[in-house]
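Down below is the structure, laid out as structure tokens.
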Amino acid sequence: MTDIKELLLSRIRDVADYPEPGVMFKDITPLLADPSAFTALTDALAEIAQRTGATKVVGLEARGFILGAPAAVRAGLGFIPVRKAGKLPGATLAQAYDLEYGSAEIEVHAEDLNPEDRVLIVDDVLATGGTAEASVELIRRAGAEVAGLAVLMELGFLSGRARLEPALNGAPLEALLTV
């Protein structure tokens, strides 16, 4: 696992003062552009999906789509996008959640999930945990079980894990990198 961590870290670029002064943005686009690093990441996420007994992978908009879809294909599972409100056609289930300044809402097509499903949630970064917590609630409201949450990178100093662990109710939270 050390080798994959070194590979992934070597392909993540720090961008100072983005999107605002004082923020150090973790840019994963160099990782995505490197086929060996992207393959290693996809394989690691697919392995987590298989190990947790997931039957479907949910990716959170937008970078969770990029990471979750190939992991789902690699694991032989279906992929379901969780989108910002108003982006999915037809009937949806919605979940509102609070942001640092204001609120947001995410949606899923409820018919894509059923009570037999065990869902692995995939995203690029775990920060404060608000979006991930809302997705856990949304998946359960759709009638499915949460098999776990997997992220490329956890920003440990923002305490998202502490917020999420009660909501996950024993389901694993796996971060390939912690910064």
Side-chain angles (χ1 to χ4, degrees), residues 1-2 4-6 8-9 11-28 31 41 44-68 71-72 80-85 93-108 113 117-179:
M1 189 65 155
T2 301
I4 187 175
K5 286 183 180 189
E6 289 175 10
L8 297 176
L9 276 172
R11 302 303 188 275
I12 296 172
R13 179 176 56 155
D14 287 343
V15 180
D17 299 321
Y18 184 82
E20 59 187 50
V23 173
M24 181 63 72
F25 184 78
K26 300 293 187 181
D27 180 14
I28 67 167
L31 187 158
L41 172 57
L45 292 172
E47 189 276 326
I48 293 169
Q50 291 169 332
R51 185 167 19 91
T52 60
T55 60
K56 293 201 175 130
V57 172
V58 158
L60 304 184
E61 188 163 340
R63 289 181 296 262
F65 299 171
I66 298 168
L67 305 184
I80 299 168
V82 167
R83 306 266 343 241
K84 294 174 184 169
L93 271 180
Q95 182 68 44
Y97 62 101
D98 291 328
L99 299 167
E100 188 175 353
Y101 301 104
S103 63
E105 192 172 43
I106 55 175
E107 294 179 331
V108 69
L113 294 169
D117 282 323
R118 289 181 46 79
V119 178
L120 177 68
I121 302 164
V122 173
D123 205 3
D124 64 330
V125 174
L126 173 61
T128 63
T131 307
E133 182 180 42
S135 70
V136 167
E137 293 173 21
L138 189 58
I139 289 162
R140 288 192 179 128
R141 286 184 44 231
E145 179 182 348
V146 175
L149 173 69
V151 296
L152 165 59
M153 188 175 5
E154 177 179 354
L155 305 180
F157 61 93
L158 292 176
S159 304
R161 181 176 292 268
R163 176 180 185 166
L164 270 175
E165 284 182 334
L168 285 169
N169 197 26
L173 167 52
E174 298 200 36
L176 299 176
L177 305 171
T178 301
V179 295

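Remark: Lys5 NZ to Leu177 CG distance equals 7.0 Å, nearest 0.5 Å. How far CG of Asn169 is from CG of Leu164: 12.5 Å, rounded to the nearest 0.5 Å. Going from atom CZ of Phe65 over to atom CG of Asp123 covers 9.5 Å, rounded to the nearest 0.5 Å.
Partners of Asp14 under the salt bridge (Lys or Arg N to Asp or Glu O under 4.0 Å) rule, at least two apart in sequence or in another chain, are Lys26. The side chain to side chain donor-acceptor pair (under 3.5 Å) search around Glu137 returns Gln95, not counting sequence neighbours. Residues passing the side chain to side chain donor-acceptor pair (under 3.5 Å) test with Thr131 are Tyr97, sequence neighbours excluded. With sequence neighbours left out, the side chain to side chain donor-acceptor pair (under 3.5 Å) criterion links Thr52 to no other residue.
When side chains are defined from C-beta on, Ile28 counts as touching Leu152, because their heavy atoms get closer than 4.5 Å. Between Val151 and Val122, the closest side-chain pair of non-hydrogen atoms is not below 4.5 Å. Using a 4.5 Å heavy-atom threshold, the side chains of Val119 and Val146 count as separate. Counting heavy atoms from C-beta outward, Ile48 and Leu176 have side chains that approach closer than 4.5 Å. Looking at Leu155 and Val125, their side chains come closer than 4.5 Å, going by heavy atoms from C-beta outward. You'll find the side chain of Leu173 reaches within 4.5 Å of the side chain of Leu126, heavy atoms only. Between Leu149 and Leu120, every side-chain heavy-atom pair lies at or beyond the 4.5 Å cut-off.
For residues 48-57, every residue pair satisfying the salt bridge (Lys or Arg N to Asp or Glu O under 4.0 Å) rule, not counting sequence neighbours, is listed here: Glu47-Arg51, Arg51-Glu174, Lys56-Asp117. Among residue pairs with one or both ends in residues 155-166, those qualifying as side chain to side chain donor-acceptor pair (under 3.5 Å) are Glu133-Arg163, Glu154-Arg161; sequence neighbours excluded.
In Tyr18, the OH atom is not crowded: 12 or fewer heavy atoms of neighbouring residues, nucleotides or ligands sit closer than 6.0 Å.
Screening Leu9, Ile12, Leu8 against Met153 for a side-chain contact (heavy atoms from CB on, under 4.5 Å) leaves a single residue, Ile12.
When all heavy atoms are compared, the tightest approach of Asp98 to Ser103 is OD1-CB, 4.0 Å. Pairing each heavy atom of Leu45 with each of Ala71, the nearest pair is CB-CB, 3.6 Å. Smallest separation of non-hydrogen atoms from Pro172 and Ala147: CD-O, 3.2 Å. Nearest approach of Pro166 to Ala162, heavy atoms of both residues: CD-O, 3.3 Å.
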Step by step, work out the side-chain contact (heavy atoms from CB on, under 4.5 Å) result for Leu31 and Leu41. CA-CA 9 Å; Leu31 187 158; Leu41 172 57; 3.7 Å; yes

Which is it for Val57 and Ile80 under the side-chain contact (heavy atoms from CB on, under 4.5 Å) test, yes or no, and what are the steps along the way? CA-CA 6 Å; Val57 172; Ile80 299 168; over 6 Å; no

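Without hydrogens or angle criteria, Thr55 side chain to Arg118 main chain gives a donor-acceptor distance under 3.5 Å. In this structure a side-chain-to-backbone donor-acceptor pair under 3.5 Å is present from Asp17 to Gly22. Between the side chain of Arg140 and the backbone N or O of Ser135 there is no donor-acceptor pair closer than 3.5 Å.
Salt-bridge annotation for Glu107 and Arg83: absent, with no side-chain N of the basic residue lying under 4.0 Å from a carboxylate O of the acidic one.
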